[in-house]
Amino acid sequence: MRIARGSIPLRIGAQLALAAWITIVGAPVAGGEEPLAPKLTPKLQDLLRQEMLSVQQASQDILLALVSGDDARVAERAQKIHDSFILQQSMTPEDRAHLMAVAPEDFVTRDRAFHGLSAELATAARAGDRPAQRERFRRMIDSCVECHERYATDRFPEFAP
Ligand code: HEC
């Protein structure tokens, strides 16, 4: 009991030090990234997996819609990816603080960029601009790969160095 009580300020102190270190020094050096999921609470791990499964399904639908010239379907699915920020929607302030403490800034930036691309894809699809749709979709696939290479080598060990 005494040990547990004593360890709480220590842990908070260490987290503050880490947060300050990240603010000053920046995210870990490129190439030194680690899998993100093991650092998350079980709830956040679950939210991340749910979001990824829904992104995977929507991406498969988009591929089929793109090669069928179905602009309306591309727009609807891409918008769904953009809106289904499950990770953001179901997070309490505590969850969010935890995520921000453990996720490198680079991960958060990549996640935002990915969701931004899905909004651009939806816009291109509503405008019926097919070359732009293909260009955005290619960049989205690049985002999947680049993020998995850096932060999901536990789930996708083939990407491990
Ligand atoms: C910003 C980072 C990021 C982006 C972008 C991203 N992912 Fe992921 N993805 C992850 C992480 C981290 C995991 C590992 C989650 C885990 O280990 O439970 C993951 C896991 C997955 C999984 C495995 C889910 C499971 O069953 O455990 C699938 C499928 C997946 N992603 C699909 C995609 C697809 C498709 C895209 C792009 C269209 C994409 N992801 C984009 C970070 C990302």
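Atoms within a ligand are numbered from 1 in the order they appear, just like the ligands themselves. In this chain, numbering begins with 1 at the start of the sequence shown.
Judged purely by distance below 3.5 Å, without hydrogens or angles, the side chains of Asp95 and Thr92 pair a donor atom with an acceptor atom.
Distances below 4.0 Å separate heavy atoms of Ser143 from the following atoms of ligand 1: 5 (C). Atom numbering of ligand 1 starts at 1 in the shown order; those under 4.0 Å from a heavy atom of Asp111 are 1 (C). Near Tyr151, meaning under 4.0 Å from one of its heavy atoms, ligand 1 places the atoms 12 (C). Shown in contact with Leu53 at under 4.0 Å from a heavy atom are these atoms of ligand 1, numbered in order with element: 26 (O). Atoms of ligand 1 found under 4.0 Å from any heavy atom of Leu48, numbered from 1 in the order shown, are 12 (C), 15 (C). Listed by number with element, the atoms of ligand 1 under 4.0 Å from a non-hydrogen atom of Phe114 are 5 (C), 37 (C), 38 (C). Under a 4.0 Å criterion applied to the non-hydrogen atoms of Ala37, ligand 1 contributes the atoms 16 (C), 17 (O), 18 (O).
Looking at Asp154 against ligand 1, only its side chain comes within 4.0 Å, counting heavy atoms.
The aromatic rings of Phe159 and His148 sit tilted relative to each other, their planes meeting at an angle between 30° and 60°.
Using a 4.5 Å heavy-atom cutoff, the side chains of Leu66 and Ile62 are in contact. Side-chain atoms of Met140 and Ser118, non-hydrogen and from C-beta on, do get closer than 4.5 Å to each other. Inter-residue side-chain proximity for Arg49 and Met52 is flagged as unmet; no heavy-atom pair is nearer than 4.5 Å.
Thr153 places no side-chain N or O within donor-acceptor distance of the main-chain N or O of Glu149, the cut-off being under 3.5 Å.
Protein nitrogen, oxygen and sulfur atoms, that is N, O or S, within less than 2.8 Å of atom 8 (Fe) of ligand 1 amount to 2.
The protein non-hydrogen atom at the shortest distance from atom 27 (O) of ligand 1 is Arg155 NE, 2.8 Å. Regarding atom 22 (C) of ligand 1, its nearest protein heavy-atom neighbour is Phe156 CZ, 3.5 Å. In terms of protein heavy-atom proximity, atom 24 (C) of ligand 1 is nearest to Arg49 CG, 3.8 Å.
Between Ser59 and ligand 1, not a single N/O pair is under 3.5 Å apart.
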